[in-house]
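Everything on this sheet refers to the single structure shown next.
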Amino acid sequence: MSETLSRLAEMLEQRKSADPQSSYVAKLYSKGLDSILKKIGEEATETVLAAKDGDRQHIIYETADLWFHCLVMLANQGIHPDEVLAELARREGLSGLEEKAARS
Ligand SMILES: N=c1c2ncn([C@@H]3O[C@H](COP(=O)(O)OP(=O)(O)OP(=O)(O)O)[C@@H](O)[C@H]3O)c2ncn1[C@@H]1O[C@H](COP(=O)(O)O)[C@@H](O)[C@H]1O
C-alpha cells in the first residue's frame with residue numbers, strides 16, 4: 001500500500017517538469033492550486049454520491065479518484081504522503097476522544 005503511494009509520489013514529482021499537453025497531472029499543476037482543490041471538491045462529492053448509491057465498485061473507483069487528487073495537492077504543496085501516513089500512525093496510539101481533546 002505505502003509502496004504504491006511512494007511510486008505515485010515519485011511520479012507526481014516527475015510530472016512537475018512534464019509537458020502539460022501530454023500529461024493530465026502536469027496540466028493540473030499548470031492550472032494552479034485552486035484548480036487542484038476544485039477537483040478534490042468534485043471528487044469528494046462524487047465519492048459521497050457513490051457511497052449513497054452503494055455500488056462497491058463505484059465507491060472504490062470514486063475513492064481512488066479522490067485519493068489521487070489529494071496526492072496531487074500534497075505534491076503541489078511539497079508534502080510526501082509518508083508525512084500523512086506518519087500522522088495516522090501517531091493517532092493509532094490514541095483513542096478518538098484523546099485525539100479530539102489534543103486538538104482543543
Ligand atoms: N491515478 C491516476 C488518475 N486517477 C484519476 N485520474 C484522472 O482524473 C480525472 C478524473 O476526473 P473526472 O472524473 O472529473 O474526469 P474528467 O472529466 O476527464 O476530468 P477533467 O479533465 O474534467 O479534469 C480523469 O481525467 C482521470 O484520467 C488520473 N490520472 C492519472 N493517474 C496516475 O497518474 C499517472 C500520470 O498521469 P499523466 O500525468 O496523465 O501521465 C498515471 O499513469 C496514473 O498512474
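Numbers here are sequence positions counted from 1. For ligands, and for the atoms within them, numbers begin at 1 and follow the listed sequence. From a predicted model like this one, the values you see are computed outputs, not experimental measurements.
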What protein heavy atom sits nearest atom 8 (O) of ligand 1, and how far away is it?
His69 CE1, 3.3 Å
Counting each atom of ligand 1 from 1 as listed, which ones have a heavy atom of Glu43 under 4.0 Å away?
10 (C), 11 (O), 12 (P), 13 (O), 14 (O)
Is_contact(atom 30 (C) of ligand 1), protein non-hydrogen, under 4.0 Å
yes
With heavy atoms of Ser23 as the reference, note each atom of ligand 1 found under 4.0 Å away.
37 (P), 38 (O), 39 (O), 40 (O)
Students should be able to answer this: which protein heavy-atom is nearest to atom 32 (C) of ligand 1, and at what distance?
Phe68 CE1, 3.5 Å
Do Glu83 side-chain atoms and His80 backbone N/O form a donor-acceptor pair below 3.5 Å?
yes
among protein heavy atoms, the one nearest atom 17 (O) of ligand 1 is Lys39 NZ, 4.9 Å
Taking atom 23 (O) of ligand 1 as the reference point, report whether a protein heavy atom occurs under 4.0 Å from it.
yes
Determine, step by step, whether Lys31 and Ile36 satisfy the side chain to side chain contact (heavy atoms under 4.5 Å, CB included) criterion, reporting the C-alpha distance in whole Å, the side-chain angles of both residues, the deciding distance to 0.1 Å, and the verdict.
CA-CA 8 Å; Lys31 289 182 183 169; Ile36 297 170; over 6 Å; no
Give a yes or no on whether the backbone of Ile60 and the side-chain of Thr63 come within a donor-acceptor separation of less than 3.5 Å.
no
Step by step, work out the salt bridge (Lys or Arg N to Asp or Glu O under 4.0 Å) result for Arg7 and Glu10.
CA-CA 5 Å; Arg7 277 197 303 275; Glu10 198 180 320; over 6 Å; no
Heteroatom distance test (Arg15, ligand 1): nitrogen or oxygen, under 3.5 angstrom:
yes
Between Thr47 (side chain) and Glu43 (backbone), is there a donor-acceptor pair under 3.5 Å?
yes
Identify, for atom 25 (O) of ligand 1, the protein heavy atom at the shortest distance, and state residue, atom and that distance.
Tyr24 CE1, 3.6 Å
Residue, atom name and distance, where the atom is the protein heavy atom closest to atom 33 (O) of ligand 1:
Met11 CE, 3.1 Å
Does even one non-hydrogen atom of Lys27 get within less than 4.0 Å of ligand 1?
no
Please confirm whether the backbone N or O of Leu12 pairs with a side-chain atom of Tyr29, one donor and one acceptor, at under 3.5 Å?
yes
Side chain of Ser30, backbone of Lys27: donor and acceptor closer than 3.5 Å?
yes
Could you name the option among Thr4, Val25, Leu66, Leu71 that has the heavy atom nearest to atom 36 (O) of ligand 1?
Val25
Which residue and heavy atom of the protein sit nearest atom 44 (O) of ligand 1, plus the separation
Leu8 CD2, 4.2 Å
Decide side chain to side chain contact (heavy atoms under 4.5 Å, CB included) for Glu46 and Leu49; before the verdict, give the C-alpha distance in whole Å, the side-chain angles of both, and the deciding distance to 0.1 Å.
CA-CA 5 Å; Glu46 285 169 17; Leu49 292 175; 5.5 Å; no
Check this for me: does any side-chain nitrogen of one of Glu42 and Lys39 sit under 4.0 Å from a carboxylate oxygen of the other?
yes
Is atom 12 (P) of ligand 1 less than 4.0 angstrom from at least one protein heavy atom?
yes
Are the side chain of Gln77 and the backbone N or O of Leu74 linked by a donor-acceptor pair below 3.5 Å?
no
closest protein heavy atom to atom 5 (C) of ligand 1 is Asp65 OD1, 3.2 Å
